[in-house]
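The basis for the numbers below is simple: all heavy atoms, side chains too, and nothing from hydrogens, waters or symmetry mates. Just so it is clear: chains get the letters A, B, ... in the order the sequence lines come, proteins before strands, and each one is counted from 1.
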Number of protein chains: 2
Amino acid sequence: MAPYETNSESHNAILAGLSVASVKRLSLLPVELVVNYPIYEASQPFDAVYFPESGLLSIVSTLESGKSIEVGTLGREGVSPSQLLLGARSSPFRCFVQVAGSGFRTSIERFSEAVGEDSRLRENVLKYENSFRIQCMQGIACNALHTVEQRCCRWLLMTHDRVGADDLKLSHEFLAMMLGVRRASVTEVLLPLQELELLRSVRGTISILKRKQLEERVCECYWLIKNCESLN
Amino acid sequence: MAPYETNSESHNAILAGLSVASVKRLSLLPVELVVNYPIYEASQPFDAVYFPESGLLSIVSTLESGKSIEVGTLGREGVSPSQLLLGARSSPFRCFVQVAGSGFRTSIERFSEAVGEDSRLRENVLKYENSFRIQCMQGIACNALHTVEQRCCRWLLMTHDRVGADDLKLSHEFLAMMLGVRRASVTEVLLPLQELELLRSVRGTISILKRKQLEERVCECYWLIKNCESLN
DNA sequence: ATCCGTCTGTCCGCTTCCGTACATAAGCTC
DNA sequence: GAGCTTATGTACGGAAGCGGACAGACGGAT
């Protein structure tokens with residue numbers, strides 16, 4: 001495929017507002033984001049920059065016990081690793097593709113250069129950093145104070161927002177890892193929701209059926225994060 | 001007091017490496033940071049920028065239930081509100097002085113100007129943003145997976161590091177709010193530690209007695225965050 | 001010295017969630 | 001379609017922490 005040269009069609013929020021020249025400078029290459037593809041590994045130097053247009057990336061922390069838990073997530077609203085702009089060259093966490101999609105890639109060098117020269121791009125990334133920061137901070141509160149059901153709804157709704165499709169390819173096992181709970185807890189939480197036909201969950205696929213009613217069960221954290229995203 | 005003009009004596013990590021001219025440009029005024037003094041209120045425009053040299057600031061999220069929980073903390077390693085550099089002009093959270101100390105203050109305008117002109121200052125703030133970001137992300141994992149005892153030890157050790165004094169003026173009630181748990185849970189966690197003489201807790205003051213042994217009880221999150229701070 | 005507000009220790013029943021285990025079911029391979 | 005692997009449903013005892021309450025203790029104010 002030819003490098004991406006115009007911005008007219010980009011669904012990535014950071015690229016969306018840029019001039020054609022700005023986008024050109026980034027030498028973007030289209031990439032398929034296939035499930036489990038690693039964006040960066042914990043403590044390894046970053047080696048490329050990704051702008052998702054669809055799909056979802058997860059950032060996870062792995063503890064000594066071997067348990068992993070999601071500590072951040074991003075889709076077409078962001079870029080990864082955005083902390084390049086903060087001077088970071090690696091992260092203690094791992095980032096990988098969680099829901100398949102596509103997007104663009106460029107090198108660390110191109111990105112760093114472009115960010116230095118293009119104030120619009122820099123501002124977009126910084127603003128995105130700010131929403132990410134808020135998302136993390138509210139996540140701290142959420143994990144301490146809300147039930148598994150609430151957090152599970154939040155996760156599903158946030159993912160639904162970003163993926164744009166009603167069918168999410170994920171197992172209970174996987175969702176449990178994201179939330180930092182038992183696999184059985186996820187099953188137990190999803191069953192009643194399935195009874196009520198708010199969603200359907202069959203062998204690796206969770207389908208969102210009645211979003212409105214899921215929204216009634218989600219904790220306020222979902223709305224706070226959503227509002228802060230739209231402000232920026 | 002006269003405005004602060006040299007950097008030789010600053011204990012604030014962001015100011016520490018700056019040239020005299022850079023510091024001058026910030027027009028810093030010395031401030032006492034008295035307990036409960038608000039740095040910014042939730043959803044209100046920021047009105048000044050603070051560089052702590054001692055003491056501790058807390059950022060808290062208040063939920064609909066009325067419960068509050070700490071979602072971030074900073075001391076002399078940082079500046080608040082650092083997210084100015086990310087384009088934010090307010091925050092959904094509240095920030096206030098939790099442990100008394102002192103530092104410097106400047107206006108939003110001076111800070112923004114200085115950050116635009118002085119790349120060293122900007123880099124310092126961005127690097128600080130990155131450690132703060134890591135602190136938040138690991139906090140998500142910690143709150144989901146670790147016990148109240150572990151989190152309590154982490155909080156005490158982090159505070160001890162920043163405050164530099166063994167006596168911390170805080171009630172169980174207050175610490176409970178920070179951790180997002182019941183007051184009684186804090187009492188229950190501190191009692192055995194007091195039995196072992198790792199600390200002493202009397203009426204509004206917690207004294208760290210045997211740091212080393214508290215370190216044995218803290219979760220890995222403490223070390224991860226600490227390492228990432230020193231890398232930057 | 002007394003009063004009063006705050007802080008701490010303690011308790012009880014309850015909920016949530018954990019660790020673990022096992023059984024069934026659904027899809028994949030041969 | 002037999003056999004395997006993976007996903008889901010279910011169960012049980014137990015731990016952690018909650019909500020709420022109460023009593024004693026401390027210290028500042030009068």
Do the two ring centres, one from A:Phe46 and one from A:Tyr40, sit under 6.0 Å apart?
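Ring centroids of A:Phe46 and A:Tyr40 are less than 6.0 Å from each other.
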Taking [atom1] from [X] and [atom2] from [N], how many angstroms apart are they, rounded to a whole number?
{"X": "B:Asn143", "N": "D:dG17", "atom1": "CG", "atom2": "P", "result": "12 Å"}
{"X": "A:Met177", "N": "D:dT6", "atom1": "CE", "atom2": "C1'", "result": "16 Å"}
{"X": "A:Phe174", "N": "D:dT8", "atom1": "CZ", "atom2": "P", "result": "13 Å"}
{"X": "A:Leu191", "N": "C:dA25", "atom1": "CG", "atom2": "C1'", "result": "14 Å"}
{"X": "B:Leu179", "N": "D:dG17", "atom1": "CG", "atom2": "C1'", "result": "13 Å"}
{"X": "A:Leu145", "N": "D:dG19", "atom1": "CG", "atom2": "C1'", "result": "14 Å"}
{"X": "B:His172", "N": "C:dC7", "atom1": "NE2", "atom2": "C1'", "result": "8 Å"}
{"X": "B:Leu63", "N": "D:dC18", "atom1": "CG", "atom2": "P", "result": "14 Å"}

Let me know which of A:Arg217, A:Arg211, A:Lys212 forms a salt bridge (Lys or Arg N to Asp or Glu O under 4.0 Å) with A:Glu215.
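So the option named by the test is A:Arg211.
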What's the separation between atom CG in A:Leu190 and atom CZ in A:Arg200, rounded to the nearest 0.5 Å?
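If I round to the nearest 0.5 Å, the distance is 13.5 Å.
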From CG (A:Leu28) to OH (A:Tyr50), nearest 0.5 Å:
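Going from the CG atom of A:Leu28 to the OH atom of A:Tyr50 covers 12.5 Å.
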From C-beta outward on B:Arg203, which listed nucleotide comes closest to its side chain: C:dG5, C:dA25, C:dT8?
C:dG5
For B:Cys221, which of B:Met158, B:Arg151, B:His146, B:Gln135 qualifies under side-chain contact (heavy atoms from CB on, under 4.5 Å)?
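For B:Cys221, the side-chain contact (heavy atoms from CB on, under 4.5 Å) test succeeds with only one of B:Met158, B:Arg151, B:His146, B:Gln135, which is B:His146.
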Estimate the overall bend of the helix from C:dA1-D:dT30 to C:dC30-D:dG1 from the end axes over five pairs each, rounded to 10 degrees.
30°
How would you summarise protein contacts on nucleotides 12-24 of chain C per nucleotide, using B for base, S for sugar-phosphate only and - for none, with heavy-atom distances below 4.0 Å?
-----SBBBB---
For B:Leu86 versus B:Glu129, what's the shortest heavy-atom pair and its separation?
CD1-OE1, 3.4 Å
Looking only at the side chains, is there a donor atom on one of B:Ser43 and B:Ser90 sitting less than 3.5 Å from an acceptor on the other?
no
State plainly whether the residues A:Arg94 and A:Glu41 are in salt-bridge range, i.e. N to O under 4.0 Å.
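A:Glu41 and A:Arg94: salt-bridged.
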So A:Ile206 and A:Leu175, do their side chains get closer than 4.5 Å, heavy atoms only?
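Result yes, sub-4.5 Å side-chain heavy-atom pair found.
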